[in-house]
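Report on the structure given below.
Starting from 1, each residue takes its place in the sequence as its number.
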Amino acid sequence: MTTTGTGFDIRRIGGRIGAEILGVDASGDLDPAIVGEINSALLEHKALVFRDQQLDDAAQLRFASLFGELTTAHPTVPSVDGQPSVLPVDGDEGIRANHWHTDVTFVRTPPKASTLRSIVVPPYGGNTLIANSAAAYRDLPEPLRELADKLWAVHTNAYDYAAPKTEKAAEHRRQFVSRAYRTAHPVVRVHPETGERGLFIGGFAQSIVGFGPSDSRDLLRLFQSYVTRPENIVRVAWTPGDLVLFDNRVTQHYAPDDYGDLPRLLHRVTVAGDVPAGVDGTLSRAIEVTTPRTTHPPRPDLTAGAGTGESGVRPSPSAVFPVTADLREETSVHSDFDCLDHYGGRKMDWGTLVATVSGGSIAITGTVLADYLRHRHEDDRGVGARRRAVYIEFISAAGACHARLRHIAQDPVAEPDLDSATRAALSDAGIYEARERLFIDATTDVAGAGQLMFERLRGLQRAIAAGASISSAAFHDAYHPYIGSVWVYRVAVREEPEGRSLSPEAFGWDGWDGTDRCAICREAPASGR
């Protein structure tokens, strides 16, 4: 037992992972010094258990937010009704997370940390196992560590699951893959706070870059066997009201399906994370986000996830064509954990001007690059494959930055330092690094279009830093040129493999910049625009 400087106790419950926190009321207003010591304990022990806390959703949200901005509950499936950041984990519906995984690694920025709160607990079984992937990495023989350091794995939520046992489970499965994600992460992730190296794999890691299916499975099984060694695992036996906080960057967890038909309900809230980095500093990259041709209506609530449904009278082409990861920020479905729901928990009102301005582009989001990607051979290697990845990375970074800037412009007075906030939107999205890679690998035309897009994005950033709100003329004067440059980039990317161009007239538009589709621009155009 260790007593901290702020007076609470830490009791280890596992040799390599896990501790109970005693003397902290998670429902209260915790002093920053206490939060700092809890975070230090989390970094050391990876998983912390707070017994008999008896929180409600609001208190759990408040506690989780002490460790960073919150994500939406899940990229694809519904949250608790009225609580967009709370994920119900409801075993009573036949939905069982009985496989080793790290939460939401199929997106580019998986959560930093997860909180689980027990509400209904079976009289036996229903425990949660949590594994220390940093200890697993240290256990690897030196030749395996050297190999793992160089490898990248493709994580996806769309793979061959076991057949669902109930209709509810089948519906959850349909929801879970209603948008399919593929993201490349380093097999060895460097922890951004401690510098520890950990095996960043788990159930969503389905292949190793550069290896075939059979070799990929063998390598992943080999590395995973070190993660799940008994000495690297702590077992949490739940009682109602317990709260668990674990570091999602360096752990995996597993909920054994050993409680029959008994009810089990937990609520999960996750803290937004950063982009994982490998041992050489290379950042994870989104490969693809695809919406299947057949879509399913959302469930009302209490499935194991969160998301929002498409709106509008006509089905958009994004429900028919793959939607590439570069434009996930511009769709009306804020499902990816890179989206602006990370930032301050305030949601965009999509009845605002932004939806009007970009409504036309939403209708065809991603089709340009998606057509390009769909018609390239799966086994394409070399320059073409590298360029494809760079093109997607650049527009993905721009999309993430664009979404953050729009969010700031929605309520600029809420930001104490607009200049710092808007500059952080650029740097946090990785746009500078993506632009450098574009200059190295892109053709001249695409690199030039990318530079134009970058300059227009900087213009939007400067306008918002100067106080432009989303309904102001200053915002529009910067926003529409940026939207136009996005389409110039897409056209350049499409022309490269096909030799054919696109025109706005093909979509019934007057121009790429969206002014003809913006109600405010039509009714009261700004001077000089």
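Cation-pi contact between Arg197 and Tyr137: absent, since separation from the ring centre below 6.0 Å together with deviation from the ring axis within 45° is not met. For the pair Arg51 and Trp238, the cation-pi criterion (under 6.0 Å, within 45° of the ring axis) is not fulfilled.
Side-chain N/O atoms of His155 and Thr183 include no donor and acceptor closer than 3.5 Å.
Counting only distance, with no hydrogens or angles, the side chain of Thr6 and the backbone of Ile34 share no donor-acceptor pair below 3.5 Å. Listed for the Thr156 side chain is no donor-acceptor partner under 3.5 Å among the backbone atoms of Arg182. Listed for the Asp242 side chain is no donor-acceptor partner under 3.5 Å among the backbone atoms of Ile119. When atom types are taken as modelled, the side chain of Asn248 and the backbone of Asp103 share a donor-acceptor pair closer than 3.5 angstrom. With hydrogens and angles ignored, the 3.5 Å screen pairs a side-chain donor or acceptor of Ser427 with a backbone N or O of Ala424.
Using the six-membered ring where Trp is involved, Phe63 and Phe50 have ring planes that are perpendicular, over 60° apart on the 30 and 60° scheme. Taking the six-membered ring where the residue is Trp, Phe176 and His74 present tilted rings, their angle falling between 30° and 60°. The aromatic rings of Trp100 and Tyr254 are tilted relative to each other, their planes meeting at an angle between 30° and 60°.
Counting non-hydrogen atoms of neighbouring residues, nucleotides and ligands closer than 6.0 angstrom, the CG atom of Asp29 reaches no more than 12 such neighbours.
Qualifying side chain to side chain donor-acceptor pair (under 3.5 Å) partners for Gln224, counting only residues two or more places apart in sequence or in other chains: Gln252. With sequence neighbours excluded, no residue satisfies salt bridge (charged side-chain N to carboxylate O under 4.0 Å, His left out) with Glu146.
When all heavy atoms of Val190 and Val279 are compared, the closest pair comes out as CG2-CA, 3.8 Å. Of all the heavy atoms in Leu43 and Arg249, the pair that sits closest is CD2-NH2, 3.9 Å.
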As a quick check of understanding, evaluate side chain to side chain contact (heavy atoms under 4.5 Å, CB included) for His253 and His101, giving each step before the final call. CA-CA 6 Å; His253 55 283; His101 66 285; 3.1 Å; yes
